[in-house]
Amino acid sequence: MSVSDKQKVPMEKLRWECDENLFTFGTTAEIPELEGSIGQERALRSIDFSLGMRDGGFNLFLSGQVGTGRNSTIKNILKKRAKGEPTPPDLCYVYNFKSADNPICLPLAAGQGSVFVADMKEMVEGIKINIPKALDSKDYETGKSAVVEEYQEKNGELFSALEKEAEERSFALQRTVSGLVMVPQKEGRNYTQEEYEALPREEREKLDENGGFLTERLNDVLRQVRENEKATRDALALLDRNVGLSAVGHHIDPLKEKYADWPKVVTYLESVQEDILNNLDDFKPQGPQPQIAGIRLPRQEPSFERYEVNLFIDNHETEGAPVIFEQNPTYNNLFGRIEHVMQMGGMATTNFTLVKPGAMHKANGGYLVVDAREVLINPFAWDALKRCIRSGEIKIEDVLEQYRFMSIASLKPEPVTLQTKIIMIGSPWIYYLLFYLEPDYRKFFKVRADFDSRISRTPEIVQDYALFVATHCKEEGLLPFDRSGMAGLLDYSARLVEDQQKLSSQFTEIADLIREASYWAGKDGATVVSRQFVKRAIEEKIYRSNLIEERMQELFEDGTIMVDVDGDVVGQINGLSVITLGDYMFGRPSRLTARVYLGRAGMVNIEREVKLSGPIHDKGVLILTGYLGGKFAYDKPLSFSASLCFEQNYEGVEGDSASSTELYALLSALSGVPIRQGIAVTGSVNQLGRVQPIGGVNYKIEGFYAVCKAKGLTGDQGVMIPKSNERHLMLSDEVVAAVREGRFHIWSVATIDEGIEILTGMPAGERKDDGSWPDQTVNGLVDRRLREMLKQMKKFGAGSDKESGKEKKAKEGPE
């Protein structure tokens with residue numbers, strides 16, 4: 001058996017095919033739906049730990065690629081978990097009678113919030129009727145009259161006594177423009193000015209003395225009258241209060257008893273009662289509205305809005321703890337807002353009834369799920385979320401207030417205590433971005449649940465896949481899958497991850513294939529989805545996306561892109577690459593050439609020189625120097641120049657999967673041994689000459705097969721891959737059939753020596769004990785060429801040194 005035959009990949013390793021006998025059902029319609037997720041044990045344990053931790057900071061970050069079931073998994077887990085947890089209370093915002101700008105938040109048992117709103121509304125409507133009735137009652141009028149009469153009687157007695165005393169002293173109490181005054185009288189009339197001045201001095205002094213005394217007595221009486229007036233007002237107020245209390249008490253007292261388990265509500269009801277009693281005039285019938293000629297003014301009615309209740313959070317329909325998925329986590333959607341009403345053509349006003357909740361309030365006492373990227377791109381949302389977790393409170397603030405030129409009327413509602421488990425969903429990139437650049441992130445999101453994009457192919461997972469298909473078919477009304485269709489779906493899943501021992505956990509793509517296969521089966525009139533419809537769905541999906549691949553294939557066929565697939569050429573080889581266009585990938589061959597010549601420049605990577613290569617590709621090229629130096633420079637220096645180039649490459653080159661390909665071309669150029677052009681090569685290499693695995697192996701093989709098929713299969717063509725990539729083979733049916741029929745071949749190699757033997761048909765050769773290499777081997781020819789080039793360089797070097805010495809001596813002159 002030749003070396004190339006030994007390195008051929010066995011047929012059974014070209015792909016894994018699911019045995020449909022693994023399933024015992026006739027169709028997926030016969031089996032139950034999937035409960036839970038598939039193969040994410042690590043993530044599930046992390047989720048369970050985070051949800052079980054009630055201490056601060058143990059919020060959860062779900063990390064993984066899109067389509068790995070992060071949303072559906074956490075949704076199902078929270079749905080089940082929340083049912084067994086207590087329902088959080090309702091929240092109501094009410095007027096703060098002590099500070100109108102700071103509404104009070106009242107907690108109530110779940111479902112009692114709407115009842116409390118109705119109770120308060122009923123109470124207000126009742127007292128609006130009862131208080132006017134009580135104030136218009138006969139008992140109230142009698143009591144009021146008694147108080148007024150008592151006041152008038154007391155005042156009458158005071159003034160009667162004062163008038164009597166004044167009369168005894170020949171004075172009279174008279175009312176003038178400036179008020180009450182004591183006036184001296186003579187014979188029942190007031191003194192004239194002439195009469196007063198004509199009195200003897202002693203009589204005038206006595207008259208003045210009596211006048212001063214009576215004025216003081218008048219002031220004392222007036223003072224007493226004012227005190228009586230105040231006492232009367234207090235008595236009337238007390239009467240009003242007692243009457244109001246009798247009208248209000250039988251409305252509020254039952255509410256106090258009803259909500260006795262909520263002290264904060266009872267305190268609020270007491271404040272309501274006190275405010276009503278202090279504002280009884282608002283409940284009295286209002287007089288006619290003053291009107292201005294030509295202007296119709298709206299009737300100003302007393303406002304009872306302050307007694308309303310803003311049902312902020314209503315949990316009467318919530319079963320267990322709330323679970324909120326906020327799709328648009330803007331600041332207002334997360335933390336609530338204070339709405340304003342435009343009045344008088346532009347004046348914005350607000351009140352406690354316009355305070356609206358956010359997702360944080362709705363999820364309080366339960367769970368809030370948000371997308372990490374959406375939180376980060378929405379202004380103010382992330383910073384506010386951190387403050388919320390840090391303080392343990394949910395505050396409603398006007399975040400734009402600090403950016404306005406002038407402030408508008410706003411409120412500062414009482415904060416709500418935070419009791420929410422926050423779950424963020426994002427990619428690993430966002431997780432690491434936050435972890436390293438956001439110091440507070442580590443304190444607030446201490447648990448990470450990783451969702452893997454691939455899962456081990458165990459018998460349990462295979463059966464769970466069938467349950468997953470059954471669930472989707474039943475939920476979306478799709479045609480059921482039979483056993484062959486189920487097997488074809490698992491083949492596709494393994495192909496997605498390019499691993500014979502793994503299956504894909506990107507269930508978005510799997511679900512799409514289920515839908516498409518059901519569509520094609522239905523279009524064909526079938527009642528179940530079999531393997532042929534799964535294949536049809538895959539083929540149709542490829543056809544919708546591979547226009548550019550077909551156009552590029554035409555360039556290979558007409559020779560625009562030059563690739564040889566037969567013959568032998570020195571220093572020329574076909575490398576393989578993968579092109580990714582959105583959700584579609586395909587492989588294509590690229591001609592790589594190597595030229596060797598005298599010089600000391602070493603290897604020149606043309607892509608690198610023109611800045612078309614990336615750092616990883618440059619690293620792969622530099623590794624070749626290490627390999628050649630370690631293998632051939634143990635007894636001599638390397639003295640050659642070489643250039644490597646991807647022909648007809650006009651884009652960038654990145655990755656090290658072509659490093660072994662470049663090394664084969666270089667060895668061919670050094671040894672002069674031609675390379676079989678019907679073999680394309682892929683694989684990375686290290687400095688010891690071991691071939692390392694690469695990605696996209698299936699696309700690369702199928703891409704080269706397509707070119708060979710277009711140019712004509714000779715039976716000698718194939719692809720050489722790293723040995724460690726064998727488990728990643730999930731080749732298409734067409735390629736597998738071509739290999740089975742001997743029209744195409746797949747080789748796998750572990751070292752460069754194994755690969756160069758397949759490419760050249762010549763033994764690589766092993767170094768002898770004396771350090772020499774066998775003749776007629778690739779390594780022997782390379783070593784011989786390097787020695788010859790070194791001799792040539794020495795000749796040029798010696799001549800150059802000799803000439804330089806003569807020139808130096810001529811310049812220095814004779815000794």
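The structure displayed is predicted, hence computed values, not measured ones. Hydrogens, waters and symmetry mates are skipped; everything else that's a heavy atom, side chains included, is used.
The distance from atom OH of Y543 to atom CD of E549, rounded to the nearest 0.5 Å, is 13.0 Å. The CG atom of L786 sits 11.0 Å away from the CG atom of L781 when rounded to the nearest 0.5 Å. Note that CD1 of I573 is 7.5 Å distant from OG of S660, once rounded to the nearest 0.5 Å. Rounding to the nearest 0.5 angstrom, the gap separating the CZ atom in F435 from the OG atom in S63 is 12.5 Å. In this structure, the separation between CD1 on I679 and CH2 on W747 is 4.0 Å, given to the nearest 0.5 Å. If you take CG on L576 and OG on S590, they are separated by 8.0 Å, rounding to the nearest 0.5 Å.
Taking a 6.0 Å sphere around CZ of R373, one finds it holds 12 or fewer heavy atoms contributed by other residues, nucleotides or ligands. Under a cut-off of 6.0 angstrom, the local environment of NZ in K541 is crowded, with over 12 non-hydrogen atoms contributed by other residues, nucleotides or ligands. Atom CZ of R448 sits in a crowded spot, with more than 12 heavy atoms from other residues, nucleotides or ligands closer than 6.0 Å. Applying the 6.0 Å contact sphere to CZ of R787 captures more than 12 heavy atoms from other residues, nucleotides or ligands. Annotation: R690, atom CZ; neighbour count of heavy atoms from other residues, nucleotides and ligands within 6.0 Å does not exceed 12. For CZ of R45, the number of neighbouring non-hydrogen atoms (other residues, nucleotides, ligands) closer than 6.0 Å is 12 at most. The environment of CD1 in I548 is sparse: at most 12 heavy-atom neighbours from other residues, nucleotides or ligands sit within 6.0 Å. Within 6.0 Å of CD on E766 lie no more than 12 heavy atoms contributed by other residues, nucleotides or ligands.
For the pair K723 and E754, the salt-bridge criterion is not met [side-chain N within less than 4.0 Å of a carboxylate O]. A salt bridge links D733 to K535: one of the charged nitrogens lies within less than 4.0 Å of a carboxylate oxygen. With respect to K636 and D783, a salt bridge is recorded, a charged nitrogen being found less than 4.0 Å from a carboxylate O. Between D753 and K631 there is a salt bridge, since at least one side-chain N of the basic residue sits less than 4.0 Å from a carboxylate O of the acidic one. Remark: E554 engages R551 in a salt bridge, criterion side-chain N to carboxylate O under 4.0 Å. R70 has no carboxylate O lying under 4.0 Å from a charged side-chain N of D371, or vice versa, which leaves the two without a salt bridge. Between R457 and D499 there is no salt bridge, since none of the side-chain N atoms of the basic residue sits less than 4.0 Å from a carboxylate O of the acidic one. Contact check on R544 versus E516 returns a salt bridge, with a Lys/Arg side-chain nitrogen under 4.0 Å from an Asp/Glu carboxylate oxygen. Ion pairing between R531 and D491 holds under the 4.0 Å rule for side-chain N and carboxylate O.
Between the side chain of S724 and the main chain of Q692, no donor-acceptor pair closer than 3.5 Å is present. Between the side chain of Q717 and the backbone N or O of V565 there is at least one donor-acceptor pair closer than 3.5 Å. Remark: side-chain polar atoms of Q500 are paired, donor with acceptor, to backbone N or O of K13 under 3.5 angstrom. Here the side chain of E647 pairs no donor or acceptor atom with the backbone of T593 at under 3.5 angstrom. Listed for the Q463 side chain is a donor-acceptor partner under 3.5 Å among the backbone atoms of L22. At distances below 3.5 Å, not a single donor-acceptor pair connects side-chain atoms of E702 with backbone N or O atoms of E734. S657 contributes no side-chain N or O that, together with a main-chain N or O of G683, makes up a donor-acceptor pair within less than 3.5 Å. No side-chain donor-acceptor contact under 3.5 Å links R454 to the backbone of K502.
Taking 4.5 Å as the limit, some side-chain heavy atom of R676 sits within range of a side-chain heavy atom of D568. With contacts defined as side-chain heavy-atom distances shorter than 4.5 Å, the pair I38/F507 qualifies. Side-chain contact between E662 and V685: absent, with no pair of heavy atoms (C-beta onward) separated by less than 4.5 Å. In this structure, the side chains of Q40 and T73 stay at 4.5 Å or more apart for every pair of heavy atoms. Residues M552 and I579 have side chains in contact (heavy-atom distance under 4.5 Å, counting atoms from C-beta outward). For the pair W16/L490, a side-chain contact is recorded, criterion being any heavy-atom separation below 4.5 Å from C-beta on. Side-chain contact check for Y465 versus I510: some heavy-atom pair is nearer than 4.5 Å. Between F586 and N546, the closest side-chain pair of non-hydrogen atoms is not below 4.5 Å.
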Evaluate the side-chain contact (heavy atoms from CB on, under 4.5 Å) criterion for residues R588 and S577: first the C-alpha distance (whole Å), next the side-chain angles of each, then the deciding distance (0.1 Å), finally the verdict. CA-CA 6 Å; R588 55 160 287 187; S577 60; 3.6 Å; yes
Please step through side-chain contact (heavy atoms from CB on, under 4.5 Å) for the pair S504 and Y492, ending with a clear verdict. CA-CA 9 Å; S504 173; Y492 176 76; over 6 Å; no
How far apart are the C-alpha atoms of D770 and S772, what are their side-chain angles, what is the distance that settles it, and do they pass the side chain to side chain donor-acceptor pair (under 3.5 Å) test? CA-CA 6 Å; D770 61 359; S772 63; 2.7 Å; yes
side-chain contact (heavy atoms from CB on, under 4.5 Å) between V736 and M11, intermediate numbers included: CA-CA 8 Å; V736 171; M11 286 295 305; 3.9 Å; yes
I'd like to know whether Q7 forms a side-chain contact (heavy atoms from CB on, under 4.5 Å) with E757, so could you lay out the CA-CA distance, the side-chain angles of the two residues, the decisive distance to 0.1 Å, and finally the verdict. CA-CA 10 Å; Q7 304 305 135; E757 291 185 8; over 6 Å; no
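A cation-pi contact links R495 to Y699, judged by a cut-off of 6.0 Å to the six-membered ring centre and 45° from its axis.
A donor atom on one side chain and an acceptor atom on the other are not found under 3.5 Å apart for N779 and T777.
Scanning all heavy atoms of the two residues, the minimum distance from A669 to A594 falls at CB-O, 3.7 Å. The two atoms that bring A494 and M730 nearest to each other are CB-CE, 3.8 Å, heavy atoms only. P722 and T682 make their closest contact through CD-O, 3.4 Å (heavy atoms, listed as atom of the first residue, atom of the second, distance). Shortest non-hydrogen contact noted between Q572 and D564 is NE2-OD2, 3.1 Å. The shortest heavy-atom contact between A43 and D450 is CB-O, 3.2 Å. Counting all heavy atoms, side chain and backbone alike, E726 lies closest to V9 at OE2-CG2, 4.0 Å.
A side chain to side chain contact (heavy atoms under 4.5 Å, CB included) with Y664 holds for exactly one of T760, I752, V778; it is I752.
Centroid-to-centroid, the aromatic rings of F61 and F445 stay 6.0 Å apart or farther.
Between F704 and F744, the two ring planes are tilted [angle within 30° to 60°].
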